[in-house]
Amino acid sequence: TLNLANGLSTYPNPVKDAFKVTWKSAYKGDASIVIYDVSGKTIKNIKINKQVPVYMGNIDMNGLTPGMYYMEIKLSGNSTEKLIKNIIKQ
């Protein structure tokens with residue numbers, strides 16, 4: 001099993017407009033970065049193809065209501081591995 005969570009960071013948090021995701025992992029392949037609101041509704045679903053040891057990307061939170069959100073990284077295929085991180089929108 002991959003140890004995914006140790007290499008996941010977000011900055012800044014709380015966020016006003018956008019935040020940076022840094023994901024360090026040996027995993028290579030397709031994944032999704034999904035942002036949910038507290039009710040579980042999908043707000044954003046960003047498909048990525050991770051081919052390098054460190055993925056860095058920006059997630060735009062402009063226009064979203066201030067409050068708590070959840071960011072989840074889901075791996076493609078049959079993997080049940082996933083990462084969840086709380087994001088606070090100011």
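The two residues Pro12 and Ala18 come nearest to each other via the heavy atoms CD-O, 3.8 Å. Across every non-hydrogen atom of Gln90 and Pro14, the tightest pair is CG-CB, 3.5 Å. Between Asp37 and Ile43, the closest heavy-atom pair is N-CG1, 3.7 Å.
For the side-chain contact (heavy atoms from CB on, under 4.5 Å) test, no residue two or more places apart in sequence or in another chain qualifies with Pro53.
Following chains of ILVMFWY side-chain contacts shorter than 4.5 Å, one cannot reach Leu75 starting from Val34, and the two form parts of different hydrophobic clusters.
A distance of 6.0 Å separates CD1 in Ile46 from CD1 in Ile35, rounded to the nearest 0.5 Å. Residue Ser32 holds its OG atom at 3.5 Å from NZ of Lys47, rounded to the nearest 0.5 Å. In this structure, NZ in Lys74 is found 9.0 Å from CD1 in Ile84, a value given to the nearest 0.5 Å. Here Lys85 contributes atom NZ and Phe19 contributes atom CZ; the two are 10.0 Å apart, rounded to the nearest 0.5 Å.
The side chain to side chain donor-acceptor pair (under 3.5 Å) pairs that include a residue from residues 10-21 number zero, where partners must be two or more places apart or lie in different chains. Annotation: side chain to side chain donor-acceptor pair (under 3.5 Å) contacts involving residues 48-62, sequence neighbours excluded, comprise Asp30-Asn49, Asn49-Gln51.
The main-chain N or O of Tyr27 is found under 3.5 Å from a side-chain atom of Ser25 such that the two form a donor-acceptor pair.
Side-chain contact between Val15 and Ile88 is absent, with no heavy atoms from C-beta onward closer than 4.5 Å.
Summarising the hydrophobic clusters (Ile, Leu, Val, Met, Phe, Trp, Tyr; side-chain heavy atoms under 4.5 Å, direct or chained), the residues clustered with Met56 are Val54.
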- Item | Thr22/Leu8 under side-chain contact (heavy atoms from CB on, under 4.5 Å): CA gap, chis, key distance, verdict | CA-CA 6 Å; Thr22 303; Leu8 181 65; over 6 Å; no

Under 3.5 Å, side-chain donor or acceptor atoms of residues 64-71 against the rest of the protein: list the pairs with distances, not counting sequence neighbours.
unit_1: Tyr69; atom_1: OH; unit_2: Thr65; atom_2: N; d: 3.4
unit_1: Tyr69; atom_1: OH; unit_2: Thr65; atom_2: O; d: 2.7

